[in-house]
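A short worksheet on the structure shown next.
Throughout, a chain's letter reflects where its sequence line sits, starting with A, and its residues are numbered from 1.
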Amino acid sequence: GAVVSQHPSWVICKSGTSVKIECRSLDFQATTMFWYRQFPKQSLMLMATSNEGSKATYEQGVEKDKFLINHASLTLSTLTVTSAHPEDSSFYICSARDYRFASVDVGQKQFFGPGTRLTVL
Amino acid sequence: QKEVEQNSGPLSVPEGAIASLNCTYSDRGSQSFFWYRQYSGKSPELIMSIYSNGDKEDGRFTAQLNKASQYVSLLIRDSQPSDSATYLCAVNRAGGTSYGKLTFGQGTILTVHP
């Protein structure tokens with residue numbers, strides 16, 4: 001099956017610093033990756049859509065200058081949380097769409113990475 | 001009205017029973033529907049997808065979709081303690097710039113007790 005990895009799995013940083021999170025599709029190419037954020041006891045909220053070779057598109061209310069996304073290759077997208085503050089502490093999860101197969105059924109599925117837990121002190 | 005609504009639970013069922021999870025959605029143009037299982041501290045794991053009205057079965061899991069009623073459900077037969085998790089309903093938004101984007105419900109906490 002499709003495997004998506006994230007690095008790091010957890011990070012603790014001081015307020016005001018920047019943190020970079022990597023999302024990789026290990027055995028397939030992903031022209032589109034998605035970044036989600038999940039606060040405790042809440043559901044996943046889509047932050048942005050990362051498209052290889054073009055600018056990311058952000059959901060309403062998500063600051064694009066604070067959450068920088070780069071999708072430089074078909075297997076890697078990065079999310080940088082700039083000038084992080086305690087309210088940015090959350091579980092950040094990426095997903096990638098698998099376009100390997102012609103089947104619409106598989107093509108529409110998203111495979112999730114294991115998540116990165118960010119704690120800002 | 002939330003785009004995707006689920007009862008937050010918790011839903012508690014005895015081992016071996018059928019667990020029934022429900023989800024309604026507001027966007028009538030939605031095309032694809034998914035059920036994810038999420039264990040505490042972990043990322044979601046896809047367990048079922050459904051695209052057409054009716055039932056779709058996979059092992060102990062059955063997804064049911066009724067587009068006219070904008071309703072999707074998940075039945076778990078012979079529930080096991082290992083099924084205890086949060087179950088997230090997700091809906092693939094309609095076309096245009098929203099294509100491929102998933103909207104999640106708030107999740108239903110399921111507890112299967114021995």
Side-chain angles (χ1 to χ4, degrees), chain A residues 1-7 9-10 21 23 30-52 54-60 62 90-99 101 103-119, chain B residues 2-10 21 23-25 27 29-52 54 56-58 63 65 72 85-109:
Chain A
V3 178
V4 177
S5 71
Q6 278 184 248
H7 178 79
S9 55
W10 59 270
I21 303 170
C23 177
T31 55
T32 303
M33 292 183 176
F34 301 91
W35 288 96
Y36 296 85
R37 179 168 54 180
Q38 186 177 35
F39 292 109
K41 299 190 184 302
Q42 294 186 25
S43 192
L44 278 73
M45 294 299 294
L46 179 65
M47 298 174 65
T49 302
S50 171
N51 298 296
E52 188 269 335
S54 64
K55 290 183 178 181
T57 55
Y58 292 80
E59 295 300 299
Q60 190 173 9
V62 178
S90 187
F91 192 41
Y92 291 85
I93 309 171
C94 73
S95 72
R97 295 186 65 191
D98 187 348
Y99 286 91
F101 306 105
S103 164
V104 170
D105 184 57
V106 176
Q108 292 224 27
K109 292 178 184 174
Q110 291 185 28
F111 295 92
F112 285 83
T116 296
R117 188 160 303 281
L118 170 64
T119 301
Chain B
K2 292 182 180 179
E3 292 184 55
V4 180
E5 291 207 53
Q6 297 178 250
N7 288 326
S8 59
L21 306 163
C23 172
T24 58
Y25 59 95
D27 185 351
S30 299
Q31 302 172 349
S32 312
F33 308 86
F34 305 91
W35 284 98
Y36 288 86
R37 177 174 61 197
Q38 186 177 29
Y39 293 112
S40 180
K42 304 294 185 182
S43 68
E45 171 194 8
L46 179 68
I47 53 174
M48 287 290 286
S49 60
I50 187 166
Y51 306 94
S52 304
K56 179 180 178 182
E57 186 176 318
D58 184 2
L65 175 61
V72 58
T86 297
Y87 288 80
L88 300 168
C89 172
V91 175
N92 197 346
R93 300 182 197 178
T97 58
S98 295
Y99 185 73
K101 296 182 179 180
L102 291 178
T103 301
F104 285 85
Q106 68 270 38
T108 298
I109 299 171

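- For the atom pair NZ of B:Lys101 and OG1 of A:Thr57, the computed distance is 4.5 Å after rounding to the nearest 0.5 Å.
- Of all heavy-atom pairs spanning B:Tyr36 and A:Gln110, the tightest one is OH-O, 3.5 Å.
- Contacts of A:Leu44 with chain B are made by both backbone and side-chain atoms, with heavy-atom separations under 4.5 Å.
- B:Lys42 and A:Phe91 make their closest contact through O-CE2, 3.6 Å (heavy atoms, listed as atom of the first residue, atom of the second, distance).
- Taking both residues in full, the closest heavy atoms of A:Phe112 and B:Ser43 are given as CB-OG, 4.2 Å, listed atom of the first, atom of the second, then distance.
- Between chain A and the residues B:Gly41, B:Pro44, B:Gly105, B:Ala90, the largest count of heavy-atom pairs under 4.5 Å involves B:Pro44.
- No more than 12 heavy atoms of other residues, nucleotides or ligands sit less than 6.0 Å from atom CG of B:Asn7.
- No part of B:Glu45 comes within reach of chain A, as not one of its non-hydrogen atoms sits under 4.5 angstrom from that chain.
- A distance of 8.0 Å separates CG of A:Leu46 from CG of B:Leu102, quoted to the nearest 0.5 Å.
- Residue contact with chain B, scored on non-hydrogen atoms closer than 4.5 Å, involves the side chain of A:Glu59 exclusively.
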